[in-house]
Protein chains: 4
Amino acid sequence: MNPRSVRAHNDVLAATIALLDEGGLPAATVDAISARSGVSKATIYKHWPNRTAVAAEAFGRRMADAMPLPDTGNARDDLAEQVRRVSAFYAGRHGLVFAQLLAATVADPEAAPFFRQFFLDGRRQAVAVLWDRALARGEVKSSVTVETAIDLLFGPLIFRLLTGHAPLTVAEADAIAAAALTGLLA
Amino acid sequence: MNPRSVRAHNDVLAATIALLDEGGLPAATVDAISARSGVSKATIYKHWPNRTAVAAEAFGRRMADAMPLPDTGNARDDLAEQVRRVSAFYAGRHGLVFAQLLAATVADPEAAPFFRQFFLDGRRQAVAVLWDRALARGEVKSSVTVETAIDLLFGPLIFRLLTGHAPLTVAEADAIAAAALTGLLA
Amino acid sequence: MNPRSVRAHNDVLAATIALLDEGGLPAATVDAISARSGVSKATIYKHWPNRTAVAAEAFGRRMADAMPLPDTGNARDDLAEQVRRVSAFYAGRHGLVFAQLLAATVADPEAAPFFRQFFLDGRRQAVAVLWDRALARGEVKSSVTVETAIDLLFGPLIFRLLTGHAPLTVAEADAIAAAALTGLLA
Amino acid sequence: MNPRSVRAHNDVLAATIALLDEGGLPAATVDAISARSGVSKATIYKHWPNRTAVAAEAFGRRMADAMPLPDTGNARDDLAEQVRRVSAFYAGRHGLVFAQLLAATVADPEAAPFFRQFFLDGRRQAVAVLWDRALARGEVKSSVTVETAIDLLFGPLIFRLLTGHAPLTVAEADAIAAAALTGLLA
DNA sequence: CAGTAACCGAGACGGTACGTCAAGTCTTTCT
DNA sequence: AGAAAGACTTGACGTACCGTCTCGGTTACTG
């Protein structure tokens, strides 16, 4: 890959992250990204199909390393802790950006793959590790797929994040995790 | 309330529903709604803060009667059936509009109350009826709040609807319902 | 005339004058006049054809008494003094409103008669008195009509007021009056 | 300057002139100009602060060449002829547009510089040439400034144009010119 | 002095244009 | 030749004010 391209790519992502931090997704205008990064709009559109894709990659890339997996040696505690952490993340200052990004993805299907690739897949895999570990130990029902487990554990959080119909406190997260785990543990 | 206002209000909602059906949320432009309904833009903006709110009310109002509650006389079956129905709705031709609306609500917090009022609240109450009925019969855990139950049952569906990371088939809906209900039933 | 109508009429004019003073013609919105006066918009439109007419009558009525005629016993001085006074008026805090009103009259021919009736005619007549007095004394050329005299004396002021291409100081007014009077005096 | 910008600029002015001819200033809507010229509204607003400015430049630019200077070799005749020409212009089919433009300029101070630059300045300079020529020949009073002369000669015409209180016939123009020139000639 | 007709206040509505914004495309110019 | 710069089109936004209209309730004239 052309080193100039690499440079441009990175500059764009860095600028985008900065803008997302400052004003959320609405602030991450293509013009703003271009101005901040010094990379021209035309070039940006050569690397990504649209602005949502840029934001998805930028934000997802950063989140990748931001959330280490718990390892208490016990499936229930591992998963419950993970739910708690994700809930805290959603409730924290980056939660809104995540929600905005997810929302933008709906309105703009072309960006969905980027969101999945750079954001969902990584986190999904992380949880899959926990799940497989638990499965190996026989702590969880083998009849339940990882997919179902993940949706059951994190779907409720997403639901709350998006609609804001109920708070995302630690207590709430624990209640959700507890109920969900009853259906998942062996 | 002024009969002229009532008339205008209804005309707008009718036009909006038609547009949503034809082209989803992106088609429900305020200009288009105005043109189709014969109600002026200024008037629309006197009744609603922005276009998302209009769409939310229009769509929510219609959905209200579109989904009758199951009553099999048995909590497990009632709730599982409801999950199946909601899943089918999401998977059907109105699912996309619902997703778009939910997404728009995130980008436009001013419209959120409308979405909640005309869409979530009604459905939430419907399920609450099921839940209370089950609670009265002692079929579900009294330690679990309705809120948690609802999120656990429907959050996963919403999650899938939005990210499209997994299908919304009947089988999937049943798997989710089964797992969730294990954590909810007494 | 119905006393209620008289009341409404006066209230509207009073409110309009207040608004003109506060924010010039742009502030004298029909809505604002209605709100301030307590007279409904419908009623206002029963009395006047449009908002410019209202403003013209309001402003003109007030100006009528605001400018007494000079009487030095000498045509040259009378007329020069009048030019000076009108110039000062235009340069003063009401000048802008006058200009705005005159301008509005162009864009809205329906209001022109009101402007003429309540504003120009009165002032024109006032100067005509001076002119006739001078004519009787043989101080001015009988070959010049009052119309021409008036235009020559005050047209330049209006020109400057509208375009702002030159100041409206006392010195300038005197220079104009001096030059014009050379062509008018016998 | 970017050739694309030049193109857009010219196209806008051409479309505006056409619209002014067809329906006067009220027809020169920004939307109409945009549609007619094929230049987008956004671009128009990058070149001009508002629609009045566009109209002023368009109209003024055209007028520049439309009125050649008289040169009879005699100040009195030159100036009288110029007054007659300007009067005829005001009375003609473009007079209304000029008046509307002048009026719009009052209501919209942001456009005033455009009006002055593209309209007044040019014509003012033209007359200044006449004046200087006459001054050099000693035909006019050196005590009178060009400004005063111009205002005295053309102010009355503007006054009549705007208020319509008196006609703008050739005879009237001559009467005004005659009276004014008496005050201006040596 | 009662009844009717004219008038009014309140305020919503249709219409027209405004000026703004961001997305994504396309041209020109520089390196 | 390829990227940067940046101007352009498109399409919608939300706002402002105009002048019209409907409604319900008062006021003033009239028989």
Side-chain angles (χ1 to χ4, degrees), chain A residues 2 4-5 7-8 26-35 37-46 48-52 108, chain B residues 1-9 11 26 28-35 37-52 108 110, chain C residues 1-8 11 26 28-35 37-52 108 110, chain D residues 1-9 11 26 28-34 37-52 108 110:
Chain A
N2 188 320
R4 286 177 82 186
S5 297
R7 178 78 200 281
T29 302
V30 179
D31 285 293
I33 295 172
S34 172
S37 66
V39 173
S40 84
K41 282 174 69 175
T43 303
I44 294 176
Y45 279 105
K46 252 173 223 148
W48 293 272
N50 53 49
R51 78 163 196 141
T52 310
D108 182 357
Chain B
M1 196 175 179
N2 190 319
R4 288 177 81 189
S5 298
V6 173
R7 177 81 200 279
H9 200 96
D11 288 357
T29 305
V30 178
D31 284 300
I33 295 172
S34 173
S37 66
V39 173
S40 81
K41 278 174 70 176
T43 301
I44 295 176
Y45 279 107
K46 254 173 221 147
H47 288 244
W48 294 273
N50 52 50
R51 77 174 195 133
T52 309
D108 183 357
E110 224 176 332
Chain C
M1 195 173 180
N2 189 317
R4 288 177 80 193
S5 297
V6 173
R7 176 81 199 279
D11 287 356
T29 305
V30 180
D31 285 293
I33 295 172
S34 172
S37 66
V39 173
S40 81
K41 282 174 68 174
T43 303
I44 294 175
Y45 280 104
K46 255 172 220 148
H47 290 244
W48 293 271
N50 52 50
R51 75 163 197 142
T52 309
D108 182 356
E110 222 176 336
Chain D
M1 195 174 179
N2 190 317
R4 288 177 82 191
S5 298
V6 172
R7 175 83 199 279
H9 200 95
D11 288 356
T29 301
V30 178
D31 285 297
I33 295 171
S34 172
S37 66
V39 173
S40 80
K41 278 174 69 177
T43 301
I44 295 176
Y45 279 106
K46 254 175 219 143
H47 289 243
W48 293 273
N50 52 50
R51 77 173 195 132
T52 309
D108 183 356
E110 224 177 334

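In what follows, chains are A, B, ... by sequence order, proteins preceding strands, each numbered from 1.
One interatomic measurement links the two molecules: CG of B:Asn2 to C1' of F:dT20, which rounds to 14 Å at whole-angstrom precision. Atom CD1 in B:Ile33 sits roughly 13 Å away from atom C1' in F:dC13 (whole-Å rounding). Separating the CG atom of D:Asp31 from the C1' atom of E:dG15 is a distance of 13 Å, rounded to the nearest angstrom. Between the C1' atom of F:dT15 and the CG atom of B:Asn50 lies a distance of 14 Å, rounded to the nearest Å. Rounded to whole angstrom, the span from the CZ atom of C:Arg4 across to the P atom of F:dA28 amounts to 6 Å. Per the geometry, CG belonging to B:Asp11 stands 9 Å off P belonging to E:dG14, to the nearest Å. The separation between C:Ile44 atom CD1 and F:dC17 atom C1' is 13 Å, rounded to whole Å. If you measure from atom NZ of D:Lys46 to atom C1' of F:dG6, you get 9 Å, rounded to the nearest angstrom.
Annotation: of the two residues near DNA chain F, A:Gly38 and C:Ala28, the 5′-most nearest-nucleotide partner is A:Gly38. Of the residues near DNA chain F, D:His47 and B:Pro49, the one whose nearest nucleotide (by heavy atom distance) lies more toward the 5' end is D:His47. Mapped onto DNA chain E by nearest heavy atom, D:Asp108 and C:Ser34 fall at different nucleotides, with C:Ser34 at the one closer to the 5' end. Ranked by how close their nearest DNA chain E nucleotide is to the 5' end, A:Pro26 and D:Ala32 are led by D:Ala32.
In this structure, OG in A:Ser37 is found 10.0 Å from CZ in A:Arg7, a value given to the nearest 0.5 Å. Rounded to the nearest 0.5 Å, atoms OG (C:Ser40) and NZ (C:Lys46) are 7.0 Å apart. Separating the CG atom in A:Asp31 from the NZ atom in A:Lys41 is a distance of 4.0 Å, to the nearest 0.5 Å.
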| Full working for side-chain contact (heavy atoms from CB on, under 4.5 Å) between C:Trp48 and C:Glu110 | CA-CA 10 Å; C:Trp48 293 271; C:Glu110 222 176 336; over 6 Å; no
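Nearest to the side-chain atoms of C:Lys41 among the listed nucleotides E:dC18, E:dG11, F:dC13 stands E:dG11. Comparing E:dT25, E:dA12, F:dG6 by their nearest atom to the side chain of A:Tyr45 picks out E:dT25. With E:dC13, F:dA3, E:dC21 as the choices, the nucleotide that has an atom nearest any side-chain atom of D:Ala42 turns out to be E:dC21.
Here B:Ser5 lies in heavy-atom contact (under 4.0 Å) with sugar-phosphate atoms only. Using a 4.0 Å heavy-atom distance criterion, D:Ser40 is classed as a base contact. When heavy atoms are screened at a 4.0 angstrom cut-off, A:Val39 is found touching no nucleic acid atom at all.
Across all non-hydrogen atoms, the minimal contact from B:Asn50 to B:Tyr45 is CA-CE2, 4.0 Å.
Close to F:dC18, at under 4.0 Å from its OP1 or OP2, lies a side-chain N or O of C:Arg51.
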